[in-house]
Amino acid sequence: MEAQDGARVRNEDVPPQNQDLSFLLPSAFLSEYGWYVVFVCVGVYLLIQHLRKNRSTDSRSSPVSTTNQDPESVVRRQAALEASRRRMQEEQDARAAEFRERQQRLEEEKRRQKIEMWDSMKEGKSYKGKLQVADNTEEATSSSSLRPKTDKKPLRNSGYSPLSGDGGGTCSWRPGRRGPSAGG
């Protein structure tokens, strides 16, 4: 041994160890803390996206507030906005007035027709002939449901009596079979 020279000391009692590269592979770390690493990565990604979105909105709003806007352009823009609002309000008012006028005309027409019907009923005359064409269709549907229809043939002859049992011919009711159904 050359221990006295101080150059090399060799220990014969300790067996040599294989130095592999397993310490470089993080498989033990990932197998123990893998889900934590995934959650941390997702959280960092979401944080970066949130900060990026905030920075982009700040950069968009800051030039508007930092730049000196021309007061005349602001006044012009507000005047144009006010004029367009006024124009839209006038259009809406005109439509509302037209609608009210149309409703009043319809109510007046209905009131006039009711007065005519009442006068003709007092005199004992038929009031249905004096109605307008639009009201004739409504009255025709309501009056047709009130009067019996004679042009249709009856469903069964007049001699049919369900209690006598002689009106069926070949059709007769029979009770169903007892027992389980014929399915599957």
Side-chain angles (χ1 to χ4, degrees), residues 42 45-178 180-184:
V42 169
Y45 175 74
L46 292 175
L47 181 66
I48 290 172
Q49 292 297 323
H50 180 69
L51 293 176
R52 187 178 293 166
K53 184 171 55 170
N54 282 347
R55 189 179 338 142
S56 66
T57 56
D58 290 343
S59 66
R60 273 189 245 142
S61 63
S62 62
V64 173
S65 61
T66 58
T67 60
N68 292 333
Q69 293 182 351
D70 186 22
E72 294 176 6
S73 66
V74 172
V75 169
R76 275 187 268 125
R77 189 178 316 123
Q78 287 178 349
L81 185 63
E82 183 64 32
S84 66
R85 285 181 181 160
R86 194 178 320 113
R87 203 170 35 247
M88 287 190 293
Q89 186 63 43
E90 289 171 358
E91 290 174 6
Q92 181 64 27
D93 291 343
R95 280 185 275 171
E98 182 181 323
F99 178 76
R100 280 193 302 268
E101 182 180 325
R102 192 175 336 134
Q103 289 293 353
Q104 286 176 353
R105 275 189 269 134
L106 288 174
E107 288 175 7
E108 181 65 29
E109 182 66 27
K110 284 182 182 179
R111 189 181 66 79
R112 187 187 56 79
Q113 286 179 359
K114 284 183 180 181
I115 290 172
E116 287 178 5
M117 286 180 2
W118 181 254
D119 290 343
S120 64
M121 283 179 54
K122 275 186 170 179
E123 295 173 4
K125 295 180 183 176
S126 172
Y127 61 87
K128 293 179 184 172
K130 296 182 180 181
L131 294 178
Q132 291 181 355
V133 177
D135 289 334
N136 274 342
T137 57
E138 295 173 3
E139 289 295 325
T141 57
S142 65
S143 64
S144 65
S145 63
L146 297 177
R147 61 182 162 178
K149 296 188 177 188
T150 57
D151 55 344
K152 286 191 173 182
K153 66 176 191 174
L155 295 175
R156 53 184 73 88
N157 58 7
S158 61
Y160 173 75
S161 173
L163 298 177
S164 66
D166 61 335
T170 60
C171 296
S172 62
W173 179 81
R174 293 184 183 169
R177 281 184 23 188
R178 291 190 179 206
S181 63

[atom1] of [X] to [atom2] of [Y]: how many Å apart, nearest 0.5 Å?
{"X": "Leu47", "Y": "Arg52", "atom1": "CG", "atom2": "CZ", "result": "11.0 Å"}
{"X": "Ser120", "Y": "Ile115", "atom1": "OG", "atom2": "CD1", "result": "12.0 Å"}
{"X": "Phe99", "Y": "Gln104", "atom1": "CZ", "atom2": "CD", "result": "11.0 Å"}
{"X": "Asp93", "Y": "Glu98", "atom1": "CG", "atom2": "CD", "result": "13.0 Å"}

Task: side chain to side chain donor-acceptor pair (under 3.5 Å) partner of Glu116, chosen from Arg112, Gln113, Lys114 - done: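 Going through the options one by one, the only one that passes is Arg112.
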
Residues in salt bridge (charged side-chain N to carboxylate O under 4.0 Å, His left out) with [X], at least two apart?
{"X": "Arg111", "answer": "Glu108"}
{"X": "Glu91", "answer": "none"}
{"X": "Arg100", "answer": "none"}

TODO: Tell me, with the steps shown, if Arg105 and Glu109 meet side chain to side chain contact (heavy atoms under 4.5 Å, CB included).
DONE: CA-CA 6 Å; Arg105 275 189 269 134; Glu109 182 66 27; over 6 Å; no

- [ ] Please lay out, stage by stage, how Arg76 and Asp70 fare under the test side chain to side chain contact (heavy atoms under 4.5 Å, CB included).
- [x] CA-CA 10 Å; Arg76 275 187 268 125; Asp70 186 22; 4.2 Å; yes

Task: Heavy-atom side-chain contact between Leu81 and Ser84 under 4.5 Å - done: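 Side chain of Leu81 against side chain of Ser84, heavy atoms only: contact under 4.5 Å found.
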
Task: Atom CD of Gln49 with >12 non-hydrogen neighbours under 6.0 angstrom - done: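 Yes.
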
